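Take a look at the structure set out below.
Per chain, numbering begins at 1; letters A, B, ... match sequence-line order. Bear in mind the structure is a predicted one, so any value in this text is a computation, not a measurement.
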Amino acid sequence: MSTEPPNTESFNRQVWDLVMTVPRGRVTTYGEVAKKIGPPEGVDEAEYRAFGPRWVGTAMARCPEAVPWQRVVNSEGRISIRKGGGHLKQRALLEAEGIRFDDSERIDLDLYGWGSPPVLRQRSLFDGSI
DNA sequence: TCCTTGACTCAGA
DNA sequence: CTCTGAGCCAAGG
């Protein structure tokens, strides 16, 4: 098991359900999603820490239409590039939601991260600072 | 059968 | 900041 968890069906469903709750204009990471879900039965913590994020990525690669897949980025706050050009559409969708990318193609997770403080976001939206 | 390829992350150098 | 290795497996060419 590495690219896929023991019970792929169940794990994927959990990933999709969770991502469904990420609000418009916000992003989360593969690692954060994995952490919130926690290791499936029979998978020890160490292994899950190592592969959970990848399993989430695999799940996202197969998500249903209704899932806001564009709101999941990597731990650096960058869009993971893959073959097929999906990353280009992802960037467009995120910008359309009001998410800004800095000069190095990175999203400020303190600002747009799922769990970031509202205060920070408001101030930034107001004067463009931070 | 062998080799490549995955929507990841973190620690080290 | 960049680049590697480790973690370690299934599917397809």
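Both A:Met20 and A:Phe11 belong to a single network of hydrophobic side chains, linked directly or stepwise wherever heavy atoms of I, L, V, M, F, W or Y lie under 4.5 Å apart.
The side chain of A:Glu47 has C:dC8 as its nearest neighbour among B:dT9, B:dA7, C:dC8. Among the nucleotides C:dG7, B:dT9, B:dG6, the one closest to any side-chain atom of A:Lys83 is B:dG6.
In this model, the phosphate group of B:dC10 is approached by a side-chain N or O of A:Ser75 to a distance below 4.0 Å at OP1 or OP2. Between A:Arg106 and C:dC1 there is a side-chain polar atom (N or O) within less than 4.0 angstrom of OP1 or OP2.
To the nearest 0.5 Å, the span separating CZ on A:Arg49 from NZ on A:Lys35 amounts to 10.0 Å. Of the inter-residue distances, the one linking A:Lys89 atom NZ with A:Gln70 atom CD reads 8.5 Å to the nearest 0.5 angstrom. Once rounded to the nearest 0.5 Å, the distance linking CD1 of A:Ile79 with CG of A:Leu93 reads 9.0 Å.
Between A:Asn74 atom CG and B:dT9 atom C1' there is a gap of 9 Å when expressed in whole angstrom units. One interatomic measurement links the two molecules: CZ of A:Phe51 to P of C:dA10, which rounds to 11 Å at whole-angstrom precision. For the pair A:Arg91 CZ and B:dA7 C1', the interatomic distance rounds to 17 Å; values are reported in whole Å. Atoms CD (A:Glu45) and P (C:dG7) sit 18 Å apart, rounded to a whole Å. When the C1' atom of B:dT9 is taken as reference, atom CZ of A:Arg78 falls 14 Å away, rounded to whole Å. With rounding to whole Å, A:Arg54 atom CZ is found 7 Å from B:dG6 atom C1'. Between A:Ile81 atom CD1 and B:dC8 atom C1' there is a gap of 14 Å when expressed in whole angstrom units. Spacing between atom CZ of A:Arg49 and atom P of C:dG7 amounts to 13 Å, rounded to whole angstrom units.
Formation of a donor-acceptor pair under 3.5 Å by the A:Trp69 side chain with backbone atoms of A:Gln90 is not found in this model.
To the nearest whole angstrom, the two P atoms, one in B:dT1 and one in C:dC8, are 24 Å apart. When the P atom is compared between C:dG7 and B:dA7, the two are found 22 Å apart, to the nearest whole Å. Only the P atoms considered, B:dT9 is 22 Å distant from C:dA10, to the nearest whole Å.
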